[in-house]
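In what follows, a structure is listed as structure tokens, so that the remarks can point back to it.
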Amino acid sequence: MHSNNTHKKTKNKFVVILIPILIIVLGFVVLAVLSGMAEKPEKKGQINLAPIVDVLSIKSQDVVFSISSQGSVIPRTETALISEVSGAVTSVSKKFLVGGYFTKGEVLLEIDPITYEVAVLQSEARLGAADATYVEENARAEQAEDEWMLSGRPLDAAPILALRLPQLQKAQADVKAAQADLKQAQIKLARTKIIAPYDALLKEKNVDIGQYVTSGVQVAKTFAVDYAEIRLPIKQHDIAFIDLPKINQTMSANLAVDISIRLAGKTLHWPSKVSRYEGEVNLQSRVHYLIAHVEDPYNLSGKVEHGEELRAGTFVNAEIQGKKVASIIALPREVLRGAKSLHLINAENKLEVIDIEILRADKNNIYISSTIDTSKRVIITKLSAAVNGMSLRVNGEDTQEKAIKPPENSDVE
């Protein structure tokens, strides 16, 4: 009896131990089955961490250079009007004000002409007397010649006094002198009127009605408005790209200049051309000077499309048409690295750092010779650490992260 009880206790104790073990084993089996049924996670490949860059194609082309400059509009002619006679100013034009416009030959003011009118009358009287004396002496000379011929002797043997030739010559000279005096008196009378020598604007007014002026006094200053000039400084390294003639040659009519100003939020343009080259280098600034010619700056003809005036003294921008150079490469300034280096990307997407010789540079572009391999592309993006030969990716071409397929029989998951 005691033995049976002991056997039962041992059996119960074994069952108590076995059940938890079976539960644990069953749990592992269920977990293994569930794991086998679950979808395997996507395999992750290696990530390409090469820098992404923007690039620009390299193209060789013919370029017509444009040279920028600035300058002020100046009249082609400026004249100080001087009185050549003396007297009181008796009348002035209603337009005799600073800024007044006069056409060629129009009267600006008039000086009292009475003294010069009297001088003309006196000169005319002297001329009349000289003419009468000449007529008288001419008749006497003819009479003396007839009397000599009656003597039967040849005319060429007659003394000049017998023929009254000196008296006739003096009478002729007196007539010419009287004519000259009359002409001078008429000129002085005409100069009592100060007239515009060309189509002009009045720049300065120095006298007014009632004022007495003497000969040699400046009464006004005018400037021409038929065309204007702009003196444009050109740097030494830019002058080589302008087609300038030799000093004994005529300036090409095709050397165009675009003149522009900003006015009321708009950019206004005037066509122009280079009329001449001053032919020397300024000793202080070391620049050359070209002169641009602008027709009808005040738009008197009404042919300027925008209708605005290009007034004297206006500060303008100028773009001068330069030479055409064949087979060069134009690139934006932003691609330049340092003083003369470029970053290129080759067909294998590797970085190449090269040095270049810059033919010319302006505010927007650099121009270089076409010795660069145009199958490569120039990198626009600035690289913080550029190492020759480093791998790169081009923006928009190969920027997606790619999974690298694991080798066969790999246990990597």
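Source: prediction; values computed, not measured. Values below: all heavy atoms of this structure, side chains included; hydrogens, waters and symmetry mates excluded.
Of the candidates Arg360, Glu319, Lys323, Ile67 forms a side chain to side chain contact (heavy atoms under 4.5 Å, CB included) with just one, namely Arg360. If you run side chain to side chain contact (heavy atoms under 4.5 Å, CB included) between Ser272 and each of Val294, Ile320, Leu232, Ile230, only Val294 comes through. Just one of Glu136, Glu142, Gln143 meets the side-chain hydrogen bond (donor to acceptor under 3.5 Å, both in side chains) condition when paired with Arg140; it is Glu136.
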For this session: May I have the step-by-step check of side chain to side chain donor-acceptor pair (under 3.5 Å) for Ser57 and Arg377, ending in yes or no?
Result: CA-CA 5 Å; Ser57 298; Arg377 292 175 289 179; 5.8 Å; no
Problem set entry | side chain to side chain donor-acceptor pair (under 3.5 Å) assessment of Asp296 paired with Ser301 | CA-CA 7 Å; Asp296 191 18; Ser301 65; 2.6 Å; yes
For this session: Check the pair Arg276 / Glu229 against salt bridge (Lys or Arg N to Asp or Glu O under 4.0 Å), numbers first and verdict last.
Result: CA-CA 10 Å; Arg276 67 183 188 275; Glu229 294 184 336; 2.8 Å; yes
For this session: Begin from the C-alpha positions of Thr222 and Lys203 and carry the test side chain to side chain donor-acceptor pair (under 3.5 Å) through to its verdict.
Result: CA-CA 5 Å; Thr222 60; Lys203 183 177 182 180; over 6 Å; no
Problem set entry | Candidate pair Asn299 and Glu309, rule side chain to side chain donor-acceptor pair (under 3.5 Å), full reasoning | CA-CA 6 Å; Asn299 193 26; Glu309 299 176 352; over 6 Å; no
Exercise. Is there a salt bridge (Lys or Arg N to Asp or Glu O under 4.0 Å) between Glu334 and Lys382 once you walk through the steps?
Worked result: CA-CA 9 Å; Glu334 61 185 294; Lys382 290 185 178 181; over 6 Å; no
Exercise. After noting the C-alpha distance and the side-chain angles of Glu352 and Lys376, does the key distance pass the side-chain contact (heavy atoms from CB on, under 4.5 Å) rule?
Worked result: CA-CA 9 Å; Glu352 293 186 14; Lys376 300 173 183 177; 2.6 Å; yes
For this session: Would you check, one step at a time, whether the test side-chain contact (heavy atoms from CB on, under 4.5 Å) holds for Val213 with Val89?
Result: CA-CA 7 Å; Val213 296; Val89 178; 4.2 Å; yes
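Counting non-hydrogen atoms of other residues, nucleotides and ligands closer than 6.0 Å to NZ of Lys170 gives a total of 12 or fewer.
Put simply, CG on Leu336 and CD1 on Ile366 are 4.5 Å apart, with the number rounded to the nearest 0.5 Å. Atom NE2 in His306 sits 9.0 Å away from atom NZ in Lys266 (nearest 0.5 Å). To the nearest 0.5 Å, the span separating CG on Asn346 from CG on Leu392 amounts to 9.0 Å. Remark: Ile58 CD1 to Leu331 CG distance equals 6.5 Å, nearest 0.5 Å. Atom CZ of Arg76 and atom CG of Asp226 lie 4.0 Å apart (nearest 0.5 Å). Considering CD1 of Ile368 and NZ of Lys340, their distance stands at 13.0 Å, rounded to 0.5 Å.
Taking the six-membered ring where the residue is Trp, the centroids of Tyr367 and Phe65 are separated by under 6.0 Å.
For Asp62 (side chain) and Ser327 (main-chain N/O), a donor-acceptor pair under 3.5 Å exists by modelled atom type. At distances below 3.5 Å, not a single donor-acceptor pair connects side-chain atoms of Thr314 with backbone N or O atoms of Leu310. The closest donor-acceptor contact from the side chain of Ser69 to the backbone of Pro233 lies under 3.5 Å.
At a threshold of 4.5 Å between non-hydrogen side-chain atoms, the residues Glu106 and Lys95 count as touching. In this structure, Val394 and Asn349 have side chains that are in contact, with non-hydrogen atoms separated by less than 4.5 Å. Contact of the Leu351 side chain with the Ile379 side chain is registered, since non-hydrogen atoms from C-beta on lie closer than 4.5 Å. Side-chain contact check for His288 versus Leu290: every heavy-atom pair is 4.5 Å or farther apart.
Applying the ring-ring contact (aromatic ring centres under 6.0 Å, His included) rule to Phe102 yields no partners; only residues at least two apart in sequence or on another chain are considered.
The pair Glu278-Arg231 meets the salt-bridge criterion, since a charged nitrogen lies less than 4.0 angstrom from a carboxylate oxygen.
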Indicate every side-chain donor-acceptor pair of residues 178-195 with a distance under 3.5 Å to a residue at least two apart or in another chain.
| unit_1 | atom_1 | unit_2 | atom_2 | d |
| --- | --- | --- | --- | --- |
| Arg191 | NH1 | Glu84 | OE1 | 2.7 |
| Thr192 | OG1 | Leu189 | O | 2.5 |

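The minimum heavy-atom distance linking His343 with Leu383 is given by the pair ND1-CD1, 4.3 Å.
Pairs engaging residues 192-238 under the ring-ring contact (aromatic ring centres under 6.0 Å, His included) rule: Tyr227-His293 [sequence neighbours left out].
Because its NZ or CZ atom is not both nearer than 6.0 Å to the ring centre of Tyr298 and within 45° of the ring axis, Arg311 does not count as a cation-pi partner of that residue.
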